[in-house]
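Working notes, beginning with the structure itself.
Letters go in sequence order (proteins before strands), and every chain restarts at 1.
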Number of protein chains: 2
Amino acid sequence: MTNHLEQKLLSKNIKPTPVRKLVLKKLLDERVAMSLVEIERKLERMDRSSIYRTLRTFEENYLVHAIPDRNGTVRYAVCDDACTCEPRHLHLHFLCLQCNKTYCLTDNPVQIPDLPPGYEVRSADFLIKGICPSCNK
Amino acid sequence: MTNHLEQKLLSKNIKPTPVRKLVLKKLLDERVAMSLVEIERKLERMDRSSIYRTLRTFEENYLVHAIPDRNGTVRYAVCDDACTCEPRHLHLHFLCLQCNKTYCLTDNPVQIPDLPPGYEVRSADFLIKGICPSCNK
DNA sequence: TAAAACTTTGCAACCGGGTTGCATGTATTT
DNA sequence: AAATACATGCAACCCGGTTGCAAAGTTTTA
Ligand SMILES: [Mn+2]
Ligand SMILES: [Mn+2]
Ligand SMILES: [Zn+2]
Ligand SMILES: [Zn+2]
């Protein structure tokens, strides 16, 4: 269990410290993308800046990807094992306007359309907003 | 000239006050999307909260649309005349990682792909990141 | 036309998420 | 064991955004 977390961290070359294991565990357990402050609220005891630096480390090492949020904040979700956050690995994200949760639609890759000449694509965020299945029934 | 601005405001049922005309003029002149603070910096004399409320008014009346930015802030761009910001009017946005400008690709509509059952689409943001033509040459 | 009601603007204060400097604690290397 | 490097916690700060409130300007009513 804890071992699974360590595996995952090590596989992305991140030293498995206590804080990192807890943050990763929380992200995996919740199964939706979470912002810095949302994580802070769920992990009462933990310091904000530690979580902040942990998320930076995670993002730099492609353990999590950042997803733009409603008002301008950013949420984080754990990447698939093989993900390197390159354009060809990108998937859609869905933000529910009712429950305000952000879902990774990992089975729906982002198709980048042809652009006018001169635009060189490096990355993309495709965020779809609406009502999620759980709120819809 | 000023008359053109008034026309545009009136056509969206916004009373053409001095502040509103200046903010609209700046957005039209710059031809890229701008954030609250970016507008504030370009309009030295003007109060931040006036610009803030102006942008809210603009957005509520579909004179501008909001575009998510890199770090989580939001930029605003003037809508096409006929735009009502519904899904079928949405277009791509491009953020240049070098000059940090946000462009509206109004000729490139957002194609919303099929989603798993239960997801009800209301809106979408498709932001492509890379190098813009001007930085690329 | 004068008073009343409403809207816009500017100022100041505030808020909250994010970020940094620094000291302490913990692990790794020599 | 000592030296070095890395991780964590605390406090302070930053900055874009937001709000309350009063003054100035506009529109409505009597
Ligand atoms: Mn995702
Ligand atoms: Mn646009
Ligand atoms: Zn929902
Ligand atoms: Zn550029």
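- One interatomic measurement links the two molecules: CZ of A:F58 to C1' of D:dA7, which rounds to 13 Å at whole-angstrom precision.
- A sub-4.0 Å separation between OP1 or OP2 of C:dG10 and a side-chain N or O of B:S49 is absent.
- Residue B:T73 has no polar side-chain atom (N or O) positioned under 4.0 Å from OP1 or OP2 of D:dG16.
- Between B:D47 atom CG and C:dA12 atom P the separation is 10 Å, expressed in whole Å.
- For the pair A:N13 CG and D:dC6 P, the interatomic distance rounds to 14 Å; values are reported in whole Å.
- Atom CZ of A:R56 is separated from atom C1' of D:dA7 by 14 Å (rounded to the nearest Å).
- As a whole-Å value, the separation of B:L55 CG from C:dT8 C1' is 15 Å.
- Between B:R20 and C:dT8, a side-chain N or O to OP1/OP2 separation shorter than 4.0 Å is present.
- Aromatic ring pairs are classed by plane angle as parallel below 30°, tilted from 30° to 60° and perpendicular above 60°; the pair B:Y103 and B:F94 is tilted.
- Looking at heavy-atom distances under 4.0 Å, B:S50 makes contact with a base.
- When distances run from any side-chain atom of B:L36 to the nucleotides D:dC10, D:dG17, C:dT8, the shortest one goes to D:dG17.
- Between B:Y52 and D:dG17 there is no side-chain polar atom (N or O) within less than 4.0 angstrom of OP1 or OP2.
- Between B:K15 and B:R41, the residue whose closest nucleotide on DNA chain D is further toward the 5' end is B:R41.
- Using a 3.5 Å distance cut-off with no hydrogens or angles, the side chains of B:Y52 and B:R48 do not pair a donor with an acceptor.
- For A:E40 and C:dT19, the CD to C1' distance is 13 Å, given to the nearest whole Å.
- Between A:K42 and A:E40 there is no salt bridge, since none of the side-chain N atoms of the basic residue sits less than 4.0 Å from a carboxylate O of the acidic one.
- If you take CG of A:L43 and C1' of D:dG9, they are 15 Å apart, rounded to a whole angstrom.
- Nearest nucleotide to the side chain of A:R53, out of C:dT28, C:dG21, D:dT18: C:dG21.
- Looking at A:R48, its side chain has no donor and acceptor atom pair within 3.5 Å of the base of D:dG9.
- Taking atom CE of B:M34 as the reference point, atom P of D:dG17 lies 12 Å away to the nearest angstrom.
- With respect to the salt-bridge test (charged N to carboxylate O, under 4.0 angstrom), the residues B:R122 and B:E120 qualify.
- Taking all atoms of both residues into account, the shortest heavy-atom contact from A:A82 to A:H89 is O-CE1, 3.9 Å.
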